[in-house]
Each structure stands twice: as C-alpha cells, then as structure tokens.
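All heavy atoms count here, side chains included; hydrogens, waters and symmetry mates do not.
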Amino acid sequence: MAYFLLSLCIIFTTLSLTSSRTITPPSHTTLLNISSSLHQARQILSFNPQKVLQQALTQQETPISPASSSSSFSLQLHTRETLYNERHSDYRTLLLSRLARDSARVNSLETKLQLAVNSVKRSDLYPTQTELQPEDLSTPISSGTSQGSGEYFARIGVGQPAKPFYMVLDTGSDVNWLQCKPCSDCYQQADPIFDPTTSSSYYPLTCDSQQCQDLDMSACRNNRCLYQVSYGDGSFTVGEYVTETMTFGGSGSVSRVSIGCGHDNEGLFVASAGLIGLGGGPLSLTSQIKATSFSYCLVDRDSGKSSTLEFNSPRPGDSVTAPLLRNQKTSTFYYVQLIGFSVGGEIVSIPPDTFAVDQSGVGGVIVDSGTAITRLRTKAYNSIRDAFKRMTQNLRPAEGVALFDTCYDLSSLQSVRVPTVSFHFAGDKTWSLPAKNYLIPVDGAGTYCFAFAPTSSSLSIIGNVQQQGTRVSFDMANSVVGFSPNKC
Ligand SMILES: *[C@@H]1O[C@H](CO)[C@@H](O)[C@H](O)[C@H]1NC(C)=O
C-alpha cells in the first residue's frame, strides 16, 4: 500500500513537472558543441608542455624598450596545463585534481576574508610588530596536500639585468614574491632560482618603510624588513622584503616594485618561481606600478592556448559592465554588484540582498582568476540549479561528481541546445555565458555537469570556468568591471 501511494506520488509529481515545463524559445538557448569539447578534453591529456616552455624561454631575447608605467603594456598569459603536465591517465582524474585545488583555493580566500572582517592584522596576533622575532616567521599550518595553487602564469623579468621567471598571477592576493638564493627551503621551479647578488637594482626595505608597514605579517632584523605570506592551504613564503626592477616582456620595465625575496618557501606553486599579486591592496603589482586598469582573458583550460594580461589598455567597446565595489575591511578583492541570474530567458527569483556586501564586510560577490567553479550562496545556487534542471528534462541525467549535483549523460549526442545562463548586474546589464562555461565534461565519455556550486559561506565567487574566453577588465579609475565575450 505504501509502495502504491509512493508510486502514485511519483507519477503525480512527474506529471505536474512535465506540464509546468517551460517551452524555451530558441533565443533563450545556447548550443553546446559536445564533439568539440570532448575532443579538447582528450587532447589536453596528451598535451606537451615542453613546446610552450621552449617558446617562452626564447621570448627573453626580445630587446626591452623603456616604457613609463602609465602607458599600456601586455604579457602572455599561460594556463597551468600548458606549462606543467601532471600526466593524468584520464580526464576524470585531471578534473578531480583541479577540483581539489579549487576547494583549497576557496578555503584560503574565505580564511583571508575572515581575518580581515574580524580586523585581525596578522601582526596584531603578537603584542607589537617589533616584538615579532624573525624566528617567529616560519612554518605555519601545513596541510598534507601538495596540489599547487597556480592556475595562470606569466613570464616576468626581475632584477637588473633582468632574469625571466614564470610567476603565478593571482587576483586574490597582493604581495609579490619569488624564491631567492640562498634557499633554506625552496621547492622545484622551472627557471634557475633568483640570486640577489647578481642584480644591481636589489634594495632591501627598512622596517619603517610604508611597504613594510602595509604587510599583514612582518618582522624586523638589523632594520631590514622580513615578510611572511601564508595562503591558508599550507603553502607559505618567508624572506626579505625588498624593491626590485620588474620587466614585462618587450613592453618595458618599472623600477622599485616591492617584492618578497623568499628564502623559505613551501607548497603549492607548481613550477613557478613565485607569485604576482594582482589584488586591490597597496602592495600588489597593479598598485605598485600605479596601473589605472588591467584586464585578462582566461583561455579555455583544455585548449592549450595562451592569451594576454594587459595593463592600462582601453576596455573593449562591447563589454558588459558592472559596478566595481570595495569592501571596507579588505582592499584585496574585486567585488561586483551582482543583482541576479536568468536561466533560459527567465529571471530566477533570488532575494535582492543575497549578493550584497554588508557594513561589517560580510557577503558580496568577488571576481577571481584563481577559483575555477563559481560559488554561490546555497539558496541562490539551489534556485538556479532547479530552474536549469526543470528546463533540461529532455536530457538524460547522470550521477553527481564531486561538488556537482546536476550532471547529464550526453554521450549519444554531437551537440545540444541548453538553456542560456546569464548574470545580471546593476544598471540592467546582462552577461550571457557560452554553454561550455557552465556545462563541462567530467570524463572523456560524454558526462557533463552543471558547473556552479553552492557555498555555505556568505561570500560568492565568480570563477574562471565561467570567465573562460571572456576578457575581464578591472577599471580601478572608473570603478567598473567589464566582461567581453570572445576577446582573447
Ligand atoms: C562543433 O565543433 C566542430 C569542431 O570545432 C565543428 O566542426 C562542428 O561544426 C561544430 N558543430 C556544431 C553543431 O556547431
């Protein structure tokens, strides 16, 4: 009897769902090209990073013309996959390792924000800054994972004469640093380790310098500034805080940029020599070179291609713009004023304050280059996911994978039209995603998942899977973020 009632119930639910199913007009759907995305997914497994490495290594021969920091210049941006192939046996394993790194990334951003919101400057954990001893700057929390934090890299020259290095680019942090001789602990990197004694433009910063004061965690030894950065995922760097000349390909160089010379570096930076902070704080590269704007295009992770990171370039005319907001509690993150979403041309009902950042610095939506999968507050995610599911009942469902709860078996199809997913920003601006930016392969066989995820934190993050193929411009001078599709 119970079974009978249950089956009746199921039949009834199915019927009511079917009858309320929206007939989606063609303009509200987007084509997902399954054959081409599966082809790419298979190719990336056998991709040979050596070729790209060799090409980039010869780029250092380009003569450097002097440029002022206010003029525009650009750098080649490489994906992790093109520099470093972990030789995964299948696409599922590759994906799971990306997703594990992604969770570590999100945790690390949340930890950083938590500290900022609670107004804990890390040096405040100690009675006074000067009482923090050099030996206090050492091995913090260590996690067992060694996955690697860097997802996008550029080649940047450091010192005079300039030596080229692969550096991770990170919009979620500010402090620039690279591994330095002598190493008390350095991880493996692709380039020779930077030796300050071979550079004529290496200047240690004193403890009372503004840059030293701006550090979250610092100490003083013989009036030289020592820094530490911990990323919350077990990786960290400790060393001397200095200024150096940085050189950007053939575009010119900027002197006296603050950078950490790391003698003890552990974790997760793959083969890179260090990290370039692109955050909004005073110590980031963008602030140090007084850039008024920068933009990047994140190529499709499986494409094996590279694109550019540009400073002070005009925003493409066709950009969808959104107000760039700041959090009173931290200047590092780039917040956008997100209003809501539509799926298949229908506005998803989400309470208006869901994405707002409040007075205490809690909530809001940031745009991040290092996070892969967009994280949305659970209720908002559920509404969007439910709308998407309701409009894709024609597709064969598949089991969830890792953090994805909405997956499909598309193995029998070459291509399929799916409901369009769009972000809506203040000022009635709509950014519609290509289908491959929200339905991603999770194996080489044709299983795809809806690539958004819920977060129990109040911080939402727009990740790089959603940004793929889009030029994202951060115009600090005008407080605008721009998204322009197909401008890589
Ligand atoms: C899918 O992509 C392939 C290769 O890029 C192309 O040849 C094919 O025409 C595309 N299919 C559709 C339906 O657009």
Side-chain angles (χ1 to χ4, degrees), residues 80 98-117 147 149-152 168-174 231-233 277-281 284 296 298 301 320 322-327 329-341 348 350 353-358 361-385 402-405 421-426 431 433 437-438 440 449-468 470 472-474 481-483:
R80 171 193 176 94
R98 277 181 190 167
L99 294 178
R101 290 202 302 276
D102 200 38
S103 302
R105 167 76 181 182
V106 170
N107 287 339
S108 121
L109 293 178
E110 283 170 3
T111 308
K112 190 179 157 78
L113 185 63
Q114 203 75 51
L115 287 172
V117 165
Q147 297 281 357
S149 315
E151 303 297 325
Y152 292 91
V168 173
L169 294 164
D170 184 14
T171 54
S173 67
D174 295 320
Y231 293 92
D233 59 357
L278 297 176
S284 70
Y296 57 65
L298 306 177
R301 293 285 295 276
V320 173
L324 169 63
L325 306 178
R326 294 293 172 161
N327 184 340
K329 296 294 173 93
T330 172
S331 51
T332 304
F333 301 136
Y334 297 101
Y335 286 81
V336 283
Q337 199 175 350
L338 178 65
I339 303 294
F341 283 87
V348 178
I350 296 172
D353 59 351
T354 307
F355 298 122
V357 49
D358 71 16
V362 169
V365 183
I366 64 169
V367 181
D368 185 40
S369 63
T371 300
I373 308 298
T374 293
R375 303 300 206 277
L376 300 172
R377 300 185 73 167
T378 307
K379 276 190 177 161
Y381 170 77
N382 288 346
S383 306
I384 295 161
R385 188 256 337 259
L403 78 176
F404 300 133
D405 61 14
V421 173
S422 309
F423 288 75
H424 292 262
F425 298 111
W431 175 37
L433 303 182
N437 288 18
Y438 55 87
I440 64 166
C449 293
F450 184 61
F452 283 81
T455 171
S456 53
S457 147
S458 55
L459 179 71
S460 300
I461 308 171
I462 300 179
N464 61 41
V465 167
Q466 279 63 41
Q467 297 173 53
Q468 282 182 132
T470 305
V472 182
S473 315
F474 299 85
V481 179
F483 300 90

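Using a 4.0 Å cut-off between charged nitrogen and carboxylate oxygen, Asp368 and Arg375 do not count as a salt-bridge pair.
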Trace of the side chain to side chain contact (heavy atoms under 4.5 Å, CB included) decision for Tyr438 with Thr374: CA-CA 9 Å; Tyr438 55 87; Thr374 293; over 6 Å; no
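Of the possible polar contacts, none joining the Gln337 side chain to the Ala426 backbone as a donor-acceptor pair under 3.5 Å is found. The backbone N or O of Thr455 sits less than 3.5 Å from a side-chain atom of Thr378, completing a donor-acceptor pair. Not a single donor-acceptor pair under 3.5 Å links the side chain of Asp174 to the backbone N or O of Ser284. The backbone N or O of Val357 lies less than 3.5 Å from no partner atom in the side chain of Asn327, so there is not a single donor-acceptor pair. Tyr334 contributes a side-chain N or O that, together with a main-chain N or O of Gly279, makes up a donor-acceptor pair within less than 3.5 Å.
Between the OG1 atom of Thr171 and the CZ atom of Phe333 there is a distance of 9.0 Å, given to the nearest 0.5 Å. Residue Tyr152 holds its OH atom at 4.5 Å from CG of Leu298, rounded to the nearest 0.5 Å. The CZ atom of Phe452 lies 11.0 Å from the OG atom of Ser460; values are rounded to the nearest 0.5 Å. Rounding to the nearest 0.5 angstrom, the gap separating the CD1 atom in Ile462 from the CZ atom in Phe423 is 4.5 Å. The structure places CG of Asn382 at 7.5 Å from CG of Asp405, a figure rounded to the nearest 0.5 Å. Rounding to the nearest 0.5 Å places CD1 of Ile366 at 9.5 Å from OG1 of Thr330.
Ala402 and Leu99 get closest at one heavy-atom pair: CB-CD1, 3.7 Å.
Side chains of Tyr231 and Asp170: no donor on one and acceptor on the other come within 3.5 Å.
For Phe483 and Phe425, the gap between ring centers is short of 6.0 Å.
Contact check for Leu278 versus Phe474: no side-chain heavy atoms found under the 4.5 Å cut-off.
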